[in-house]
Amino acid sequence: MTHGDTTVPAGALDPAGQTGQAGQAGSADQRDPADFPRESADPRSSADPRDPADDPRNSADPQNPADAARERLRRWRLVLGGDGADGTGSALTGRDAAMDGALTALYGQGDKPPTGRDRAAGLGASAPSVARWLGDIRTYFPSSVVQVMQRDAIDRLGLSTLLLEPEMLEAVEADVHLVGTLLSLNKAMPETTKETARAVVRKVVEDLEKRLAPRTRAALTGALDRSARVQRPRHHDIDWNRTIAANLKHYLPEHGTVVPERLIGYGRASRSMKKEVVLCIDQSGSMAASVVYASVFGAVLASLRAIDTRLVVFDTAVVDLTDRLDDPVDVLFGTQLGGGTDINRALAHCQSRITRPADTVVVLISDLYEGGIRDEMLKRVAAMKASGVQFVALLALSDEGAPAYDREHAAALAALGVPAFACTPDHFPEVMAAAIEKRPLPIPDMTTHR
């Protein structure tokens with residue numbers, strides 16, 4: 001929907017979050033604003049904002065045509081932003097005026113430079129005013145909309161530098177995108193802010209671990225068990241449940257027993273069966289969300305004793321962060337978002353660390369915009385594949401939808417038997433389980449990646 005001349009998040013006028021997922025610019029809500037659910041109380045109203053009687057709409061009768069018409073105009077007024085051309089003739093007061101002010105501060109000028117006739121808008125350059133605005137939007141809107149508005153404020157109004165102040169960090173709604181912004185500012189961050197920044201990052205990381213770790217461990221533990229089974233196990237390594245199930249056809253009813261012709265064992269105690277996983281992560285600026293998720297998954301994989309996990313990040317240089325995998329926050333602050341990309345150099349480093357190709361999975365997470373030697377990169381991938389390495393190429397590891405990527409390089413990898421595709425965090429455990437078991441990868445709908 002629009003506010004003035006600017007598209008605002010689709011759920012911005014629905015603090016209860018009932019209009020659906022917060023939209024990006026351009027995803028306007030086509031419904032009549034009169035159908036939007038009512039907003040929550042406004043703390044900046046002159047009367048007690050927690051008192052329902054203070055909201056005049058609570059006394060309106062939705063069955064009364066006059067009240068319904070006023071409500072429709074009120075909501076259109078909020079959507080249109082209230083410039084002289086909005087055509088509603090409806091004035092806002094109290095909580096509606098405060099909500100309109102929060103939207104106007106961010107979206108009031110649209111994408112046009114301000115002129116003398118434009119309505120004044122903006123958050124200014126002071127941290128206190130921005131902190132107050134952040135507090136306001138958290139009061140008026142649901143978390144998903146707040147996160148969209150925060151990102152818009154950083155992008156549209158250039159507020160990144162204000163995140164270097166501890167007071168600002170304490171006021172923001174923490175999410176993966178904010179973590180990416182903080183990581184990009186890491187080198188410029190004063191010591192007084194770093195402790196607060198780490199706390200913000202840790203909160204996001206812990207939330208992600210709670211959501212992703214159980215499913216990842218369950219999926220990979222099952223995959224490891226299946227991939228580690230041996231056909232000639234020692235007695236103490238026999239998996240009796242699967243052995244009996246595999247030999248039921250040899251049941252002898254006269255003896256009331258199963259005579260197994262084939263034994264199935266766990267084989268998990270064998271060092272030779274241990275898997276190696278190498279996460280090779282592009283840390284260019286466009287990959288910020290993927291870096292966050294990959295660091296969390298790296299820590300989860302490292303916690304599984306049956307997997308040796310290595311984590312490598314790269315731009316034009318290569319940094320091995322394997323020794324920090326016990327704490328994904330340390331991993332994240334060891335990255336340096338931005339810069340160029342040399343995938344070939346990163347793969348050369350990973351290739352040199354592989355000792356058991358047949359038991360190794362290499363996961364390249366990159367948009368494939370190669371600044372290094374393209375032909376050498378493809379030769380390395382082909383050589384690893386030929387040696388027995390399971391090679392996985394992810395264009396993104398995030399919830400951000402179809403990413404921008406180098407289609408020519410993606411097609412070249414596909415010709416080598418390495419399909420490149422975007423993967424959501426929730427789908428990643430299934431991809432890794434398939435790679436460990438050497439099954440075909442469960443690739444999502446590729447129509448957007450062709």
Side-chain angles (χ1 to χ4, degrees), residues 24 26 155 176-177 180-181 183-184 277-295 297-298 310-320 335-352 354 361-386 389-425 427-428 431-432 434-435 440-450:
Q24 299 292 345
D155 294 340
V176 170
H177 300 89
T181 302
L183 296 179
S184 68
V277 173
V278 182
L279 298 178
C280 186
I281 309 166
D282 182 345
Q283 63 176 351
S284 57
S286 61
M287 302 295 294
S290 297
V291 171
V292 176
Y293 283 115
S295 298
F297 278 118
R310 183 173 295 277
L311 189 143
V312 174
V313 297
F314 67 92
D315 41 35
T316 53
V318 180
V319 180
D320 195 318
T335 64
Q336 184 172 346
L337 296 179
T341 307
D342 192 337
I343 302 173
N344 176 56
R345 186 173 184 179
L347 292 181
H349 175 88
C350 296
Q351 188 179 26
S352 69
I354 296 173
V361 177
V362 174
V363 183
L364 172 65
I365 304 174
S366 172
D367 54 17
L368 301 181
Y369 288 108
E370 171 66 316
I373 306 173
R374 174 185 183 275
D375 290 343
E376 286 295 318
M377 175 191 75
L378 297 174
K379 287 180 181 177
R380 290 192 190 281
V381 174
M384 283 189 272
K385 285 275 294 178
V389 170
Q390 294 295 109
F391 198 97
V392 180
L394 301 182
L395 302 171
L397 179 56
S398 71
D399 290 313
E400 296 180 332
Y405 64 97
D406 190 306
R407 295 176 181 272
E408 183 180 349
H409 289 162
L413 287 176
L416 297 175
V418 181
F421 58 96
C423 178
T424 65
H427 191 60
F428 184 71
V431 171
M432 287 303 302
L441 300 180
I443 301 173
D445 182 7
M446 292 293 291
T447 56
T448 56
H449 303 303
R450 289 173 183 167

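This chain uses plain numbering: 1 for the first residue, then up along the sequence. Scope of the values below: all heavy atoms of this structure, side chains included, with no hydrogens, waters or symmetry mates.
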Glu370 vs Asp342 side-chain heavy atoms within contact, under 4.5 Å: yes

Residues which pass side-chain contact (heavy atoms from CB on, under 4.5 Å) with Arg310, listed by chain and number, not counting sequence neighbours: Val278, Val312, Asp320, Thr322, Arg353

Residues that Ser286 engages under side-chain contact (heavy atoms from CB on, under 4.5 Å), provided they are two or more places apart: Ser284, Asp367

His427 side chain to Pro442 backbone, donor-acceptor under 3.5 Å: yes

Value rounded to 0.5 Å, distance of CD in Glu400 from OG1 in Thr424: 12.0 Å

Within-4.5 Å side-chain heavy-atom neighbours: Met287 and Ile281: no

Atom of Val431, atom of Cys423 and distance for their closest heavy-atom approach: CG2-SG, 4.1 Å

Heavy-atom pair with the smallest gap, counting every atom of Ala422 and Pro403: CB-CD, 3.7 Å

Phe421 side chain near Leu441 side chain, heavy-atom distance below 4.5 Å: yes

Residue from Leu395, Val291, Leu397 passing side-chain contact (heavy atoms from CB on, under 4.5 Å) with Ile365: Leu397

Euclidean distance, Met384 CE relative to Gln351 CD, rounded to 0.5 Å: 5.0 Å

Arg380 side chain reached by Ile343 side chain, heavy atoms, under 4.5 Å: no

Close side-chain approach of Leu364 and Phe314, heavy atoms under 4.5 Å: yes

Ala434 versus Pro440, closest heavy-atom pair with distance: CB-O, 3.8 Å

Donor-acceptor under 3.5 Å (Tyr369 side chain, Tyr405 main chain): yes

Check: Phe391 and Leu347 side chains under 4.5 Å, non-hydrogen atoms: yes

Short side-chain donor-acceptor distance under 3.5 Å, Asp399 and Tyr293: yes

Min side-chain heavy-atom separation Val319-Gln336 under 4.5 Å: no

Closest non-hydrogen atom pair, Ser366 against Asp282: OG-OD2, 3.0 Å

Ser295 OG to Gln283 CD distance, which is reported to the nearest 0.5 Å: 10.0 Å

For the student: nearest non-hydrogen atoms of Gly417 and Lys385, plus distance: O-NZ, 3.6 Å

Check against side-chain contact (heavy atoms from CB on, under 4.5 Å), Met432 and Val363: CA-CA 9 Å; Met432 287 303 302; Val363 183; 3.7 Å; yes

Over 12 foreign heavy atoms within 6.0 Å of CD1, Ile373: no

Exercise: identify the closest heavy-atom pair between Cys280 and Ala346: SG-CB, 3.7 Å

